[in-house]
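To start, the structure under review is shown below, and the notes come after it.
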Amino acid sequence: MSVFIDGETRLLVQGITGRDGSFHTRQMVAYGTRVVGGVTPGKGGQTFDAGEGARIPIFDTVEEAVLATAPTATVIYVPPLFAADAMMEAAAAGIPLIVAITEGVPVLDMTRVDPYVRERGARLIGPNCPGLIAPGRSKVGIIPGSICAPGPIGLVSRSGTLTYEVVHHLSRAGLGQTTCVGIGGDPINGTAFVDCLAAFESDPETRAVVLIGEIGGSDEQDAARYVADRMTKPVVGFIAGRTAPPGRRMGHAGAIISGAAGTATDKVAALQAAGIPVADRPIDVVDLVRARL
Amino acid sequence: MSVFIDGETRLLVQGITGRDGSFHTRQMVAYGTRVVGGVTPGKGGQTFDAGEGARIPIFDTVEEAVLATAPTATVIYVPPLFAADAMMEAAAAGIPLIVAITEGVPVLDMTRVDPYVRERGARLIGPNCPGLIAPGRSKVGIIPGSICAPGPIGLVSRSGTLTYEVVHHLSRAGLGQTTCVGIGGDPINGTAFVDCLAAFESDPETRAVVLIGEIGGSDEQDAARYVADRMTKPVVGFIAGRTAPPGRRMGHAGAIISGAAGTATDKVAALQAAGIPVADRPIDVVDLVRARL
Amino acid sequence: MNIHEYQAKEILRRFGIPVAPGDVARTAVEAEGIAARYGGAVVVKAQVHAGGRGKAGGVTLARTPAEARAAAERILGMTIKGLPVGAVLVARAADIASEAYVGIIVDRASKRAVVMVSPAGGIDIEEVAATTPDRIRRLPVDPRYGFLPFEALQLGTFLYRDAGQARAAARILRQLYDAFLDSGASLAEINPLVTTPAGELLAVDAKMVIDDNELERRPAVAALRDASAEAPSEVAAREANLTFIRLEGNVGCVVNGAGLAMATMDLVKYYGGEPANFLDIGGSSNPDKVIAAIRIISSDPKVRVILFNIFGGITRTDDVANGIVTAVRHAPLRVPLVIRLTGTNEEAAVRILENAGLSAMTDMDAAVQRAVALVAPAGSAR
Amino acid sequence: MNIHEYQAKEILRRFGIPVAPGDVARTAVEAEGIAARYGGAVVVKAQVHAGGRGKAGGVTLARTPAEARAAAERILGMTIKGLPVGAVLVARAADIASEAYVGIIVDRASKRAVVMVSPAGGIDIEEVAATTPDRIRRLPVDPRYGFLPFEALQLGTFLYRDAGQARAAARILRQLYDAFLDSGASLAEINPLVTTPAGELLAVDAKMVIDDNELERRPAVAALRDASAEAPSEVAAREANLTFIRLEGNVGCVVNGAGLAMATMDLVKYYGGEPANFLDIGGSSNPDKVIAAIRIISSDPKVRVILFNIFGGITRTDDVANGIVTAVRHAPLRVPLVIRLTGTNEEAAVRILENAGLSAMTDMDAAVQRAVALVAPAGSAR
């Protein structure tokens, strides 16, 4: 099994006709994801050519798309200033899994999205995230399918390309993945490390978990506590940003050291104290995982 | 037993030093209500002389009052434009019963108060209500204690002086009350007829219930449905406003006929269809109740 | 509080809503000038706080300035449902391709502001609700999040198939919601919201009702009150802080508390009489209020008896008695007085009245019966 | 985005907060004029996007206009933490009875804006948090209801025993919250909020940081950007849509993705080198970005090697290769280039580079090791 998505996932794409939305819809369809509909206000009634003979119906609103196509997940590629509204629209329409790829969403928007989505019982992943992939089953977002392979490892990360680097090493070493989840690099996001760890812990196929953190906030420390208290499966960590200076935003809005808890040193120490080995280099993740399978 | 309040109720008074607040605090103390504290911003640390030797401590904020006096209910006498804030302050401080006497609270304020109070699990009675009284035990609000008597009748009403008229008749006829609750005459209020009916239904001392409705809205129709579906105890009704013209606000902000459901005719019919006898005159309530005990 | 169409339109304009151009005139000459300025056809509309002004002849199309002047002349002389017309709106006539309804009310069942839209505009929305309910869409706005863009677009899409019009309607709806909140309204509607042949949306009629409880904190909105457009007795009552509604009967009623006031009217009717008014003096027992109440009711020539029904709780009945005595002393009444007092300080009240040669009763039914008997033709009382 | 103290104070003033009078000067003569206009003592303060300007000598009390001129002369010549001082704020000196701290930040743990207050003002709030945490009170604002009046009064009461001051502080806090929201800020603070001997509250220093993601929809706020107060290389990077932070080392890094960029820097350090910068070209593979990245990094005289680390996902590695080739062709590099490319269109990318006489690697560790070796003294590489 995989977590959050699987081969049965029926996906809606919000912003399907945009530059990113159209490109990645084709990528997802090519990977085998069941894309059931798209939303672009003003283009309702048209269809989107997703390649491989797939013609996907477009709707003006998520509400209409839900009535017609019964999606179980949605992925959002709309521009940053419209992304919060898109997330709330998806939650209001009752879609249980909302994956927001969009980068650059104002953080004050997210303070409102968070309770809105929560009250409606939906799970939000992102924003500013690469989405997730269950290798060989389905992909929702932008993680390149070619670097992944099916297998027993669960992976959760705050970053995009660093995830690809690690996944690439794992796949080449024969360590395939049940699911890779990018939770995003923003200060306020919908799904935290602990949510993913809980999902991997209860997924029978997942045998070990890789956690890729970075500077800023204390999500890794929360994860460390969770692993120590509640997890039986082995977890291996990597933390980016050991050389980052304090007070500067390292690309991701959330990757900024303010206070001791935000430093890589503190996070590495917290993980190690919880019994989680932390790789010095991305490639070292492979050996650490292998030693624990 | 009584409903919502009893002799153990520890009452806070918000707006204790105002004209209405000070007068009614003395009335409540004289009646035997346990008033444990008062709130008037800027007068924290002073005490309020409630007569009969009672000196009540005053606090700047509800939070401080709660820490110091552990109230189980609060009654609000603050001016209308500050009343919504006072209700939310009480709910935030964890007080489970909030009785808002204030008349003239903007209805848009109440649209915000309603979910706020609900999320915190508090019960709001009012605003624009006379409060409630458990004769011989406690009174919270402004219902004159002299017209009430202990006994087996539960009474719930949308109005003030009309309630007094009916209670007066009941008491003189030897039909005392477990509790009299004024839920208020505003279009949006915290506690509805059905909430009170449910409380009376499960109160072992209450043997019959009097419901005093008026034109506007459909709270009486909801009550009728509730009585038909869920109540075992006899209920007697009275509806004011049979001669009210449509489209005019009859004093209470909520007493305005707009649509068929708001008319007295419709309400009387709904109650009667649910098996609830409806008195033609206030005094007729007495005989209708007596016949059902 | 009601405000006039032209005032509501000014508010909507301020929030960015496209409104048919128009100006208010208080004389026929002014109306002619406005029409001349616009050039083409105009609509001359009575500005009055009463529904059905169209049916009453208060709305007229005028093709020339001279026609506008004549129409204004006629309408400014009208009285609609008892209210004199003091002003007309002279608005440029719009070309109409279709008409929609958009409105916002405070809904007591959902305890929220509810946005309602219908592609069947131009007619009474309650009629649409009764006959073709599927042509109305309602959206209760969560006050914690406000009216969200996607919600507005859902409603816009319900109104118009054209994407541009749907978006324009969504924008107008959110502007209307902002205007509604900012004004402390309990109702705001545009009916019709017109689509022109060119595809533009335009508010052609607008109505707003303000929650009276909002006025204290919104002086700019409170200043929109047009006392000249209200019945003089209701203006006097408001100034005295009384709640007063004039009715058609002849038994004047003075009561403390709205519920008891309604029950008193009902009892008058029950015993065969007809109430002349609803009047609530409220919880305070300020003698000035009592004096004002007597003056206002006495000024109604139909009134043939004044019935007091006071249940003293917070209200001190002796204060009320003092008010009655003072009022009667200053201006002797032309009609008989029936007084029922009970509750707080009842004995003192009775003494005060008796010393002034007035008598008091303590039973509501008895008092109402006596008041009705005083106005009834002999033998007709129940 | 950082804005200057004087800009933050203008915003706070617009929201009604009492702010110590002051004006900005870009020359010493202007500063003298402002001081002369105020009459009494003034404080001359460097307007620079760096903390610790007081310790650096960028804040001076001046008792006369001449003193103000001299202070401005000196401060306008300063460079604080590498940033030249282009303007000073000349503010009337306030009499101080006590100092408090009030501030608002977006808190990631509670996912809310948090209002923080402390009666221990004038010093760094993180120091207060570390040493006397009970002297700070934090209130996470529920975004669904906003910052409620009673919440503000709770904080005001925590700050001041005097009821009037508590109320004044509550008002200021709500105004600060409004300013915070309206500006799209991620931080807004007044430190110190001063109590004068007369008991008035006055904002004497203010700081605001704007969420970069808010700028597009807030052009008035975006216009507050003072590019002259930023490092030129960071301005150039922003204009090219690159995320760039200059550091102290000599290994220039060009990476796609923030996490991979940090991991690359870490690996440089791991192998004994020192990264010269953080640079993320983002997900797009626009060759112009690559060209700009090379130009910006090359302009740092400390840089002795440029390391590319590209993991092609959305980014097409052939596009990156084309960008590198174009850049090198236009302006030959003064330092060696180490290129690691893998992922999307990797083979094409390698061909493009080889055709241009450049070589590419596919392994991150090997590439970093080579880059470090190129700058390390012989024998010192790990």
Side-chain angles (χ1 to χ4, degrees), chain A residues 20 23-24 80-81 103-112 114-116 130 142-144 146-147 157-165 168 185-188 212 214-219 222 238-245 247-255 258-259 264 280-283, chain D residues 51 105-113 126 129 141-144 180-181 184-186 211-214 216-217 243 245 247-249 255-271 274-275 278-280 282-283 309-315 342-344 363-365 368:
Chain A
D20 291 346
F23 176 80
H24 289 290
L81 298 185
E103 180 177 355
V105 182
V107 68
L108 288 173
D109 286 7
M110 289 309 301
T111 63
R112 286 160 44 83
D114 178 69
Y116 190 92
I142 65 175
I143 298 178
S146 57
I147 58 171
S157 170
R158 276 170 68 184
S159 84
T161 47
L162 174 56
T163 307
Y164 311 163
E165 182 80 33
H168 194 46
D186 274 4
I188 297 184
I212 303 174
E214 64 188 26
I215 54 164
S218 55
D219 211 18
D222 295 342
F238 179 81
I239 302 290
R242 300 184 189 214
T243 51
R248 302 303 303 265
R249 169 182 155 169
M250 304 303 278
H252 287 166
S258 51
D280 282 331
R281 304 174 301 170
I283 197 169
Chain D
I105 53 152
V106 177
D107 174 56
R108 35 209 297 173
S110 61
K111 302 189 177 184
R112 291 181 174 187
E126 280 168 27
V141 176
D142 188 334
R144 302 171 308 161
F180 175 87
L181 279 195
S186 51
D211 179 356
D212 291 345
N213 297 339
E214 295 273 3
E216 191 186 330
R217 64 181 171 194
T243 312
I245 293 167
L247 302 170
E248 296 305 309
V255 190
N256 67 323
L260 189 59
M262 283 188 276
T264 304
M265 292 159 55
D266 294 352
L267 208 60
V268 166
K269 181 91 174 179
Y270 177 86
Y271 285 116
E274 286 293 341
F278 169 97
L279 193 152
D280 174 12
N309 183 15
I310 305 299
F311 198 110
I314 323 169
T315 311
T342 195
T344 312
D363 184 72
M364 177 171 165
D365 281 77
V368 171

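Letters go in sequence order (proteins before strands), and every chain restarts at 1.
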Bottom line for A:T111: the part with an atom under 4.5 Å from chain D's heavy atoms is both
**Study point:** A:E165 and D:M364, any side-chain heavy atoms less than 4.5 Å apart
**Key:** yes
Heavy atoms of A:P144 and D:G313 approach each other most closely as CG-CA, 3.5 Å
When the 4.5 angstrom heavy-atom criterion is applied to D:T344 and chain A, the contacting part is neither
Note: vs chain D, highest number of non-hydrogen pairs under 4.5 angstrom among A:P282, A:G241, A:A255, A:P245 is A:G241
Sorted by chain and residue number, the salt bridge (Lys or Arg N to Asp or Glu O under 4.0 Å) partners of D:R108 (sequence neighbours excluded) come out as none
Under 4.5 Å to a heavy atom of chain A? For D:D211 that would be side chain
To the nearest 0.5 Å, atom CG of D:L267 lies from atom CD1 of A:I283 at 9.5 Å
Separation between CG (D:D266) and CZ (A:F238), nearest 0.5 Å, reads 6.0 Å
The interface call for A:P187 against chain D, heavy-atom contacts under 4.5 Å, is both
Closest non-hydrogen contact found for D:R112 with A:I188 is N-CD1, 4.4 Å
Of the listed A:G254, A:S218, A:S159, the one with the largest count of heavy-atom pairs under 4.5 Å with chain D is A:G254
Okay, D:L279 and chain A: the region with an atom under 4.5 Å from a heavy atom over there is neither
So CZ of A:R248 and OG1 of D:T243: to nearest 0.5 Å the spacing works out to 11.0 Å
One should read off an interatomic distance between D:K269 NZ and A:T243 OG1, to the nearest 0.5 angstrom, of 7.5 Å
Q. Does a side-chain heavy-atom distance below 4.5 Å link D:V106 with A:L108?
A. yes
>> For D:F311, is there any backbone N or O sitting under 3.5 Å from a side-chain donor or acceptor partner on A:T161?
In response: no
- Query: Does A:G251 offer a backbone N or O that forms a donor-acceptor pair with the side chain of D:D280 under 3.5 Å?
  - Reply: no
Checked D:G257, D:G184, D:P143 vs chain A; the most non-hydrogen pairs under 4.5 Å come from D:P143
Salt bridge (Lys or Arg N to Asp or Glu O under 4.0 Å) filter on A:E103, not counting sequence neighbours, yields none
So CG of D:N213 and CG of A:D109: to nearest 0.5 Å the spacing works out to 9.0 Å
Okay, D:A185 and chain A: the region with an atom under 4.5 Å from a heavy atom over there is backbone
Worksheet item: Are side-chain heavy atoms of A:P106 and D:R217 found at a separation under 4.5 Å?
Response: yes
Nearest heavy-atom contact between A:R249 and D:I245 is O-CD1, 3.1 Å
If one checks every heavy atom of A:E214 against chain D at 4.5 Å, the contacting part turns out to be side chain
dist D:M262:CE -> A:H252:NE2 (nearest 0.5 Å) comes out at 6.5 Å
Cut-off 4.5 Å, heavy atoms of chain A, and the answer for D:A109 is neither
When the 4.5 angstrom heavy-atom criterion is applied to A:I143 and chain D, the contacting part is neither
Closest heavy-atom pair, D:A263 versus A:A240, reported as atoms and distance to 0.1 Å, is N-CB, 4.2 Å
